[in-house]
Amino acid sequence: MIPAPLNMSYLFKSALLVNLDPPRVERGDLRIAAGNIIERGSSLEAREDEEIIDLTGKLVMPGMVCAHTHLYSALARGMPAPPRTPTNFKEILEFVWWRLDRALDEETIYWSAMAGAMDAARAGTTCLFDHHASPSHISGSLQIVREAIEKIGLRAVLCYEVTDRGGSDERDRGLDENRSFLNWTKQTGSSKPALFRGLVGAHASFTLNDESLGACSELMRDFDAGLHIHAAEDMCDVNDARDKFGLGVVERLAKHGALNNQTILAHGVHLSVEDIEIARAAGVWFAHNPRSNMNNQVGYAPVEKFGERVVLGTDGIGADMFEEARSAFFKGRDEGLNFGADAWLRVLANNQRLASQAFGDDFGSLAPGSAADLVVLDYQSPTPVTPENLAWHFAFGINSAAVESMLVNGRFVIRDRLHALDDLCAESRRAAEKLWARLQRL
Ligand SMILES: [Zn+2]
């Protein structure tokens, strides 16, 4: 497949148009041009300059957004076991992830991002909030990630993970990497369409001293940006903040001025009631990552207490938001959470709201003027799909295998299940072998 030119116009005919919040299912047409939905109606007349695509029997919904991921871990699947089996969360970081990210070089950063972004595209995820770390190759790493994501055709909000774990020199280079990417987005942001934005990335309270946290917060102020940070993922973060600083994790972030309504707190598993109150008052987003939390055995996050601004992330376990939402639903049921399937549909819509805030555009409404980041689903349901039961189709039926096509900025990234780059697996397997060989030397 040859990628369509940017100025291509389409008329989607007779699709089932699906909105997540409030749930809406309506047969209709969409006219797409210059990156946006420009018209929506029950029967639009075709124009000469546009391609007509008959979507009878297909669903069209706004693109999925992943609110917290790590593309750098895309080549970790099946990697050699660590020298010792981790027995707690800190050891999972030390023995697995902090060795993997240190083994990344220019080539493997690129192929991790390519492989991860391709997975996302095939799952109907149009926008990624990525949290990157590659301590052996920090400077310029975000541009490598960006280049790969751009090649696949997605939209993304990037940041580099600032941490003290590699000493002050690595920390400073991490800060510089955030600064130079934020500068780059500032320069390119005014030209439409903006496909990339930045946040200030930080690992977690327990790997940042006061000076480092202060420097992150300064960057946030300089660029009017949010912070993207892991918060109370494990009790070790909570204990560290209490023992060293006599504060809650969020209380400590607040003290440094590191909270605002663009900030993403990932996990929040062990946040206290007081910390949650402070975070909610600052209007932060809480990124719930149920599969990662289960995998790391860190506990169940108090999602019911997080309020209205809950979003979902995969934390690097692919970027399939259908699967993440379904896992969130089942895990919530298992925990006795008072969240029906409809609540998780609202959370998926929040992910689109998060993207709307980051890009200053409308994602998620399918209304005229909104961004044409769309997913076409070939979902053959044995039962009717209605606004009233849509959430239950997401819980028990619709999955990413139904993704037939997806568009970002009005351009087909996947069309009829094909991507212009076709199969990257042979090349990413080669990169993975190199990465794993280096990993075993660390
Ligand atoms: Zn994470």
Side-chain angles (χ1 to χ4, degrees), residues 65-77 86 88-102 104 109 112-113 116-117 119-120 125 127-135 141-142 145 156-165 174 178 198-208 216 226-238 240 249-250 253 258 263-271 279 284-301 303 306 310-321 323-324 327-328 351 354:
V65 174
C66 179
H68 176 71
T69 191
H70 304 278
L71 288 174
Y72 71 73
S73 68
L75 301 182
R77 194 188 305 178
N88 57 46
F89 175 71
K90 238 176 155 174
E91 287 182 359
I92 293 174
L93 295 179
E94 284 166 5
F95 301 170
V96 182
W97 301 115
W98 291 352
R99 284 174 63 245
L100 178 86
D101 66 12
R102 199 163 283 282
L104 288 164
I109 292 168
S112 293
D119 260 3
T125 299
C127 178
L128 298 168
F129 283 71
D130 188 62
H131 196 273
H132 178 70
S134 52
S141 59
L142 292 182
V145 174
V157 179
L158 306 183
C159 68
Y160 189 88
E161 174 196 288
V162 174
T163 171
D164 294 341
R165 73 168 135 113
N178 280 304
L199 286 167
V200 176
H203 175 246
S205 169
F206 75 97
T207 63
L208 294 161
C216 288
L227 185 71
H228 190 171
I229 187 168
H230 301 99
E233 180 173 0
D234 181 82
M235 271 310 285
C236 71
D237 198 20
V238 177
D240 181 271
V249 170
V250 174
L253 297 178
T263 288
I264 299 171
L265 300 183
H267 302 282
V269 175
H270 298 282
L271 288 178
V284 308
W285 297 93
F286 294 90
H288 180 44
N289 302 266
R291 287 184 300 164
S292 165
N293 293 345
M294 287 188 268
N295 182 47
N296 288 333
Q297 301 179 314
V298 291
Y300 189 63
V303 277
F306 288 162
V310 182
V311 287
L312 276 173
T314 59
D315 205 21
I317 306 178
D320 184 338
M321 302 314 294
E323 201 174 333
E324 198 66 47
S327 302
N351 281 39
L354 172 67

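All figures in this text were calculated on a predicted structure; none of them were measured in a lab. First listed ligand is number 1; within each ligand, the first listed atom is number 1.
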Exercise. The Zn ion (ligand 1) to His131: any N/O/S contact under 2.8 Å?
Worked result: no

Problem set entry | Gap between atom CD1 of Ile264 and atom CD1 of Ile229 - 0.5 Å precision | 11.5 Å

Seminar exercise, completed: the Zn ion (ligand 1) -> Asp315, closest N, O or S atom is OD1

For this session: Just to the nearest 10 degrees, tell me the angle at the Zn ion (ligand 1) spanned by His70 NE2 and His68 NE2.
Result: 100°

Problem set entry | N/O/S atom of Glu233 inside 2.8 Å of the Zn ion (ligand 1), strictly under | no

For this session: Look at His267 and state whether any of its N, O or S atoms is less than 2.8 Å from the Zn ion (ligand 1).
Result: no

Exercise. Could you state the interatomic distance from SG (Cys216) to NE2 (His228), rounded to the nearest 0.5 Å?
Worked result: 13.0 Å

Exercise. Between Asp119 and Arg77, is the closest basic N to carboxylate O distance under 4.0 Å?
Worked result: yes

Exercise. Can Arg165 and Asp101 be counted as an ion pair, charged N to O under 4.0 angstrom?
Worked result: yes

Exercise. In terms of the angle between their ring planes, are His70 and His230 parallel, tilted or perpendicular, with boundaries placed at 30° and 60°?
Worked result: parallel

